[in-house]
Amino acid sequence: MAENPFADGCAYIDGEYFPIAEARIPIIDTGFTRSDVTYDVVAVWNGKFFRLKDHLNRFERGWNRLRMNPELSIKEMREILFECVRRSALRNAFVEMIVSRGIDEDGSRDPRRFRNRFYAYAIPYVWIAKPEKQEVGIHLVVAQKTIRIPANAVDPTVKNFHWGDLVKGTYEAFDRGAYTVVLPDADGNITEGPGFNVFVYHQGRLRTPATGVLEGITRQTVLDLAEEQGIPVELDRFGADVLEEAKEVFISSTAGGVIPVTTVNNKSVGDGKPGKITALIRKRYWEAHDEDRWTFPVIYPKI
Ligand SMILES: *Cc1c(COP(=O)(O)O)cnc(C)c1O
């Protein structure tokens, strides 16, 4: 039997579906040349989209804030996401959707005159840290040489491609023997890391930065699950000192879920093992991927 050409992933570009390795965008697309773009990433786990509605709502808010006006409706986009997953036949997938300012049709450089473009693709599920690594926890540092791009320059609540600060911070983490990084803002408040939010369990409550961050759907899921478990939660501001003092630390992302952190700035968190609250939330997070309230099943073709 012929192998499925979409098995490694499937992309949608300009009305057509492509095997992921053959997917190409125009080089003059300002999503590429100017990072003039917003995007979202939703997971498919065991054949079901997780919190798809929430991801689509955030995505739509994003392009509205950027004053873009894609030619497809949310309903059509949703259908394309399902089709990318169906064609790939992936049961566990990382599904990205993008709206870019697109192409300057008349050389005007007037952003109002561009034709905005929609892209989407499904590839195998992506882990910021693999499950084996999550069992022992990761090493995290707070960047000393890079701050997060100020929120009044690039709005962090619109998921974006301005990753210069996050990538620079990642190299600092490697230079200091760590796995990844979180960036402070100009006042020293912790913000977030490359594609994830951060939580501490500190003084009997779960805390995460209130502002200056992308409001992660995983972050929201952690807050929802914690409330169900009767764990007090607080959205606030805190600095590196709280990360270092906290009993437990974890990060959250669609790409890997709830990921325990066992050192901060090369100091042990708690007893140096993934914490109990973290373990409970992490367990509930994966269980939730099978709960009707948050999942949208894909109907795959028969093979
Ligand atoms: C995507 C992302 C997150 C995590 O958001 P989720 O919806 O939980 O995947 C956090 N911070 C940044 C900068 C991101 O791009």
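In this text, all values refer to a predicted model and were calculated from it rather than measured experimentally. Along the sequence shown, residues are numbered consecutively beginning with 1. Read the numbers this way: they start at 1 and go in the same order the structure lists the ligands and their atoms.
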Exercise for the section: Check whether the side chains of Arg65 and Thr38 place a donor and an acceptor atom closer than 3.5 Å, and report yes or no. Expected result: no
Exercise for the section: Give a yes or no on whether the backbone of Val142 and the side-chain of Arg176 come within a donor-acceptor separation of less than 3.5 Å. Expected result: yes
Completion exercise
Residues pairing under salt bridge (charged side-chain N to carboxylate O under 4.0 Å, His left out) where one sits in residues 177-202, two or more places apart or in two chains, turn out to be Arg148-Glu192
Tabulate distances under 3.5 Å between N/O atoms of ligand 1 and N/O atoms of the protein, writing both atom names on each line.
{"from": "ligand 1", "atom 1": "7 (O)", "to": "Arg58", "atom 2": "NH1", "distance (Å)": "2.9"}
{"from": "ligand 1", "atom 1": "7 (O)", "to": "Arg58", "atom 2": "NH2", "distance (Å)": "3.0"}
{"from": "ligand 1", "atom 1": "7 (O)", "to": "Ile217", "atom 2": "N", "distance (Å)": "2.8"}
{"from": "ligand 1", "atom 1": "8 (O)", "to": "Ile217", "atom 2": "N", "distance (Å)": "3.4"}
{"from": "ligand 1", "atom 1": "8 (O)", "to": "Thr218", "atom 2": "N", "distance (Å)": "2.9"}
{"from": "ligand 1", "atom 1": "8 (O)", "to": "Thr218", "atom 2": "OG1", "distance (Å)": "2.6"}
{"from": "ligand 1", "atom 1": "9 (O)", "to": "Thr254", "atom 2": "N", "distance (Å)": "2.9"}
{"from": "ligand 1", "atom 1": "9 (O)", "to": "Thr254", "atom 2": "OG1", "distance (Å)": "2.6"}
{"from": "ligand 1", "atom 1": "11 (N)", "to": "Glu192", "atom 2": "OE1", "distance (Å)": "2.7"}
{"from": "ligand 1", "atom 1": "15 (O)", "to": "Lys159", "atom 2": "NZ", "distance (Å)": "2.8"}

Practice task
Please test Phe94 against Thr254 for side chain to side chain contact (heavy atoms under 4.5 Å, CB included), starting from the C-alpha separation and ending with a verdict.
Solution key: CA-CA 8 Å; Phe94 174 104; Thr254 295; 5.7 Å; no
Exercise for the section: Any chance you could pull the hydrophobic cluster mates of Tyr285, using side-chain heavy atoms under 4.5 angstrom and chaining through other members? Expected result: Trp45, Phe50, Tyr125, Trp127, Phe199, Tyr201, Leu206, Val222, Leu223, Leu225, Ile231, Val233, Leu235, Phe250, Val258, Ile277, Leu280, Ile281, Trp286, Trp294
Handout entry: Qualifying residues under salt bridge (Lys or Arg N to Asp or Glu O under 4.0 Å), relative to Arg207, sequence neighbours excluded
Key = Asp236
